[in-house]
Every structure is written in structure tokens, then in C-alpha cells.
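Hydrogens, waters and symmetry mates are skipped; everything else that's a heavy atom, side chains included, is used.
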Amino acid sequence: MIAQEQIPTVLDHPVYDTEGKKIGDAKHVFLDDSTGRPEWVTVRTGLFGTNESFIPIRDASLVQDHLEVPYPKDRVKGAPHVDVDSGGHLDASEERRLYEYYGIAWDDAWQRANQPGEDGWAHGTAGTTGTAGAAGTSGTMDTAGTAGIAGTGRTAGAADDAMTRSEEQMHVGTEEVESGHVRLRKYVVTEDVQETVPVRHEEVRVVREPITDANRDEALSGPEITEAEHEVILHEERPVVETRAVPVERVRLETEEVVEEETVTGQVRKEHIEIEGDDNPGRRDRM
């Protein structure tokens, strides 16, 4: 059980579930107007903190700088959305819905609240439930000398000649999750490349010249009859292959945001009120 003097330590601090997962941050603590004891804590959840979920605080415990509640995160996030009035109070019907959702019997809660001297629950009648102001702010003075408690909430056995019709509204948000991983990986492959290159080589051909006045002296410069050899060195070009590593491009990954429309289907419950009269049994009006 969280004492009233511990409320400033709870507000705006993390709230963890039974598995040690963070549910969100505590934003409001609701007190029983009759006893001033904490009854509920609201935790801001959602990707951008747009939703507040109610959690019973009677079995919660304050550990160092955070609050631990005996409910899993998924159950807290699935709690029914309830509205509080302008004075910051929880309506009796809304509070009853929350008790039923968390498996707390409403009749048992009312009876325990009316049993004097029982520790851990309110002494006296079951009172109303209002919000406790955050540290440094002041709330409406609605109970005897208690700052930060406002308006009306749950009452036991109060008579009313009006009926409240409620309905659920669907609020759709978005959350960012990982959809995949993309990475760059560089590897080496060997390819066959063909390229044509011209190559030159030398060949021998025999040239016969007739004896003329121009070459007569050279022709008669040697012995008349003799053996001789003359050698010619031939040359040719051969292809030479050489490779060099040169940069050709740079590759990097970039992300771009694509907006698509997706239709979300859900179910909401609405209350209808029928009017029946004894003066006209066949008549039945619905609102």
C-alpha cells in the first residue's frame, strides 16, 4: 500500500510490471475521498505517451525511485479507457468497470471499505475517488483539509433519478517497430575479360637483285667461289597482361520515409437506453 505522503515520489516516476518491464510514467494518483488513501494510479503509455491507463495501487510497492505493480504490461495497456470529470474524479460506473477488469469484485471492495478497523482498506463508508495534485501544485479542497483532492467520484448507495449512457471510442495511434535489417557487404568475384590488341612480328623474305652498275662493286668485293652464311634475327610482340585496382564508385545506404494509409478495424461498445411505459405496452423508444 502506498501512503499519501509517498505520492510526490510516485508522480512522474517509472512504473514497472511483474516481469520488470517498464509500463510508463505515473501521472496521477486517485485518492478515496472518504479516507484519503490512494486507490488508483494512472500510467501514461503509448508511443508518444498519449494514453493513460488506470492501475489499482493498493498492492503496488515503491522500490527506490519507481513503482512496481502486480500486473503484466499487456494487461495494463488493455485496460478500458475511462473519463474523469472536470473536477478530476472517477465516476462510480467507470471505477466499477476497472474493478471488474482487474478481477476485483465490486461488492467485496465495497464491503471491505465499510468494515472499520481493517488495515489496508478504508475505514468507514466507501468514499469518492479523486486525483491527488502533483508536488508543487494545489488541488481543490473537497475533503477535510486535504489539498489536491477534487470533485466527486464513487458513492455507496446514492439514489439518482438519471441514467448515464456511455460508449467506447476507438483511438488509433502508431508505434515504430523494426521491420528488417539491410546491410552492405563487399566481396570479390573473378570474371573473364577479353580484349583485342594488335601485335607485330618480323618475317623473312628472300630478295633477289640483278647485278647492275650500282651494285657491281659490292658483288665483286669478295672471293669468286666460297662458302658463307648470313643470319638475320627476327622479332615479334607478345601481349602482356597487367591489372590495376582503381576506384569506380561509392555505395552507401540511405532510408527514406514512405507514407501509406492502412485501415484499422476495431470494436467499440455503446450503451443504449430503452424507454418502456405501462400506458402503451407496444411502445419502446431507444436512445
Tell me if the aromatic rings of Phe30 and Phe54 count as close, with their centers under 6.0 Å from one another. yes
Taking only residues two or more places apart in sequence or in another chain, which ones pass salt bridge (Lys or Arg N to Asp or Glu O under 4.0 Å) with Arg183? none
Could you tell me whether Arg97 and Glu94 have a side-chain N and a carboxylate O separated by less than 4.0 Å? yes
List, by chain and number, the other hydrophobic cluster members for Val264, where Ile, Leu, Val, Met, Phe, Trp and Tyr join if side-chain heavy atoms come within less than 4.5 Å, directly or indirectly. Met170, Val172, Val268
Can you tell if the side chain of Arg269 reaches within under 4.5 Å of the side chain of Gln267, non-hydrogen atoms only? no
So, does Asn215 use its side chain to make a donor-acceptor pair with the main chain of Pro210 at under 3.5 Å? yes
I'd like to check the salt bridge (Lys or Arg N to Asp or Glu O under 4.0 Å) partners of Glu68; sequence neighbours left out, ordered by chain and number. none
Enumerate the residue pairs fulfilling ring-ring contact (aromatic ring centres under 6.0 Å, His included) with a member in residues 161-185, sequence neighbours excluded, ordered by first and then second residue. His81-His171
Roughly how far, to the nearest 0.5 Å, is the CG atom of Leu62 from the NE2 atom of His13? 8.5 Å
Go through the steps to decide whether Arg37 and Glu39 satisfy the test salt bridge (charged side-chain N to carboxylate O under 4.0 Å, His left out), and finish with yes or no. CA-CA 6 Å; Arg37 296 188 180 220; Glu39 285 281 340; over 6 Å; no
Do the side chains of Val43 and Glu52 get nearer than 4.5 Å, heavy atoms only? no
Atom CG of Asp74 and atom NZ of Lys21: how far apart are they, to the nearest 0.5 Å? 6.5 Å
For the pair Glu271 and Arg165, find out whether any cationic side-chain nitrogen is under 4.0 Å from an anionic carboxylate oxygen. no
Between Glu203 and Arg205, does at least one N-O distance fall below 4.0 Å, as a salt bridge requires? no
Spatial distance of atom CD (Glu218) from atom CD1 (Ile211) [nearest 0.5 Å]: 9.5 Å
Aromatic ring pairing Tyr16/His66, orientation class (parallel under 30°, perpendicular over 60°, tilted between): perpendicular
At what distance, to the nearest 0.5 angstrom, does CZ of Arg44 lie from CD1 of Ile23? 15.5 Å
Could you tell me whether the side chain of Val41 reaches within less than 4.5 Å of the side chain of Val29, counting heavy atoms only? yes
To the nearest 0.5 Å, what is the distance between CD1 (Ile55) and CG (Asp17)? 9.0 Å
Hey, does Arg75 have a side-chain heavy atom less than 4.5 Å from the side chain of Tyr101? yes
Under 3.5 Å, side chain of Glu202 to main-chain N/O of His235, donor-acceptor pair present? yes
Would you name the heavy atoms of Lys27 and Asp12 that are closest together and state the gap between them? NZ-OD1, 3.1 Å
Could you tell me whether a side-chain N or O of Ser53 sits under 3.5 Å from a main-chain N or O of Ala79, the two making a donor and an acceptor? no
Please give the remaining members of the hydrophobic cluster of Val251, linking ILVMFWY side chains under 4.5 Å, ordered by chain and number. Val182, Leu184, Leu253
Of all heavy-atom pairs between Asp25 and Pro14, which one has the smallest distance, and what is that distance? OD1-CA, 3.6 Å
When every non-hydrogen atom of Val10 is compared with those of Ala26, the smallest separation belongs to O-CB, 3.4 Å
Does the Tyr71 side chain pair with the main chain of Pro56, one donor and one acceptor, at a distance under 3.5 Å? no
Scanning both residues in full, the closest heavy-atom pair of Ser61 with Leu67 reads O-CD1, 3.5 Å
What pairs of residues pass the ring-ring contact (aromatic ring centres under 6.0 Å, His included) test when at least one of them lies in residues 182-230, not counting sequence neighbours? none
